[in-house]
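Each remark here refers to the structure printed beneath this line.
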Amino acid sequence: MADRSIAGRRILVVEDEYLLADDLAQELRDAGAEVLGPVATVGDAQTIIGSGEQVDAAVLDVNLRGEMVFPLADELTARRVPFAFITGYDSTTLPPRFADTPRFAKPINVALIKTLIGPLAAGG
Amino acid sequence: MHGALSSNSKGPGVTSDTDDIEKRPDRRLLDENEQLRTALESAIDQNARLTVERDRLERRMTVLTEELRVARVTALQRMPDDEVAEETARQTHTEEELRVAFEELQVLTEELEIANTSLQQSNEQLDARIEERSRQISEISVALRSAETSLRTVADLVPDLVWRTDPRGNAIWFNRRWFDYTGDGPAEPLGHGWLDAVHPADRAMARSAWRLAVSGNAPYQRQQRLRDAKGNFRWFLIRAEPIHDERGRLASWYASGTDIHDQRRAMEALQQSELRFRTLVEGIPQLVWRAIDGGKWTWSSPQWSDYTGQADEQARVNGWLRAFHPDDRAAAQAAWERAAATGQFDVEGRIFHAAEGRYRHFRTRALPVRDDGGRIIEWLGTSTDVDDMLQLQQQQAVLVAELQHRTRNLMAVVRSIMTRTIKESADLGEFADCIDHRLKALARVQGLLSRRENGARVTFDSLVRDELMAHVDLDAGGTGRQVTIRGPAGVPLRSRLVQTLALALHELATNAVRHGALAHPDGQLDVSWRLAPCEGTEQRLLIEWREHTGHDGAGTTIPGGGGYGRELIERALPYQLGARTSYELRDDGLLCTIEVEVPCETAEREAHDG
């Protein structure tokens, strides 16, 4: 199941629905990735980023217990960490500055996340 | 001749006026006749005197002539010569006397003839003058008859009802239109009879007003209804004015009635239309206003003042702009610039609501009112509060997004449950049974969430009762043969808690029925909960799920140590909801505690916090 493009990558998973977060984390681990989290809140995610851990990519649920994930997205943008939104919302509800940010509809899988880090792998 | 003129008049109408015209030449004529008669009488007197004098002289002359004849005869027969001479002398004297008397008589006769001639001339002169005056009077009479006819013609020609009264206000003449209109007989309207044609509702006032006008010698003017020949009433403007003769004495009153029925009805209709319009304008929730080109307001409805706190005068011309949000004023002005070209004004902008002290969203529209030539006279505009609608639209957008989010989440959860159930199941039969129960539990909680009314929250007691009742029989108080539930009712749960909590309770109940307390005939399940005091907006709900199997060691026989239910409680609830939980398999059964945050308000209206 190990995949070269994703093996060893450190993927931050921010998703407040336990079952989804757990499934995705399991799938990523099965694919050989290292999962950061999963975490269910913006605060917990910021703690991980702030701890100086290497983050290769991130998938972010938009709505975390009623809190929007956008401040975290801005931090990732600043750190040039590629990320995607995991969302049930349609695109119109996202702020315009994230117009180019990839959006994954639930339920997501490893194949989707590979598209996110594909360019990284090619470049590095 | 005056009498003759009067008898020529065909009615009571215009005779007095002809009197006035006739008087002056007639009086002059009488004066002249009088003078002539006086002169004639004096001439006749003189004539009589002369005749008496002449008769006296004639008698004297006859006496003298007789005396002379007798004297001559006597002298010739008996007298001596001297006597004859004496007698001749006397005779000569008498003859002289007779001659003088005769001459006197002749003078008198001449004088009489002259006087008679003068008298004859005077008579002729008088006759000539009388003839002249008679002719003049005849001409005047013809002219007067013509004038009277003209007056009648005019009075009958005008569309008004016309009548005339004596100086005391008693009607004495009406034009033909009066009779045509009212159908009155010739005598009916005379005196105060015309008041009978006045509408009963107007009559008393008309009568007293007419009396007041006559007694005060002041013009009369009233609007009153007059009955026509068919008994219908029409509105008339009745006017009357007193007419005075040349010596300033009140001669008569002339009155006219002008039919103003249609005008009055039109005016009333207009007033009613105006009233309806005003009622409509002031009744509708829109703020209504009028403007002339370029958006210069000329009027605003009371609603505008009530809403904005801006008086009508303040809103006029460009004053209304101050009620608009500063950021929207430019757009409103730009809309007016477009309006002249497009023929409509339409702009969305916030307008200040004085009562709330905030701006609300308005749709402001206007259409032009044009004259016959198509030129714009003014604009009629409305401002409609669309704030609630916009908020509802925004809420709707949020709800739709939320629904999408939840649906996708739900599908993901279903997929996850299925995956786990497959892993747990030894065979397809077990899978089918287990997945069926779990999906039903999920369906129940969706039902609870969707049945909420007015955004009221799902309460914990309803959630736990619903879940247990899917497995065991409970009475209305929540008590079954082997089950008790105890705790305050109405504890509100946030939506995002409901689903996971429901799934956890389902797993607990399933395990209790299959392997736990409810799998034993004398087993007992007690579910209890309590609320910790509020801290800010949150309070902690402490839930205890306690099973007693009645057989030591029975609780530990649960396969997999609780499996999926245990995972939900020990991992999902803390992860997803920050809950504090414990799951302890004790000798006589399971003891599970769940501690979650719930909002302080009971049955509060749910904000969009998931």
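Because the structure is predicted, anything quoted here is derived from the model rather than measured. The figures that follow rest on heavy atoms only: side chains count, while hydrogens, waters and symmetry mates do not.
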| Considering heavy atoms only, which positions within residues 33-42 of chain A lie below 4.5 Å of chain B? | A:Pro38, A:Val39, A:Ala40
| task | Mind telling me whether B:Phe460 and B:Trp529 have parallel, tilted or perpendicular rings, with 30° and 60° as the class edges? | result | perpendicular
| task | Just grab all the salt bridge (charged side-chain N to carboxylate O under 4.0 Å, His left out) pairs involving residues 68-85 of chain A, residues at least two apart or on different chains. | result | A:Asp74-A:Arg97
| query | So, B:Gln576 and B:Thr500: side-chain donor and acceptor under 3.5 Å apart, yes or no? | reply | yes
| Residue B:Arg571 versus chain A: region with a heavy atom under 4.5 Å | both
| query | B:Pro326: what forms a side chain to side chain contact (heavy atoms under 4.5 Å, CB included) with it, not counting sequence neighbours? | reply | B:Arg329, B:Tyr359
| task | Can you label the angle between the A:Phe85 ring and the A:Phe70 ring as parallel, tilted or perpendicular, going by 30° and 60°? | result | perpendicular
| Can you list the residues that meet the side-chain hydrogen bond (donor to acceptor under 3.5 Å, both in side chains) rule with B:Thr581, with sequence neighbours excluded? | none
| request: Please name the residue in the list A:Asp61, A:Leu72, A:Ile86, A:Val59 that meets the side-chain contact (heavy atoms from CB on, under 4.5 Å) test with A:Val14. | output: A:Leu72
| task | Please look at B:Leu403 and chain A and tell me whether the side chain, the backbone, both or neither of the residue comes under 4.5 angstrom of a heavy atom of that chain. | result | neither
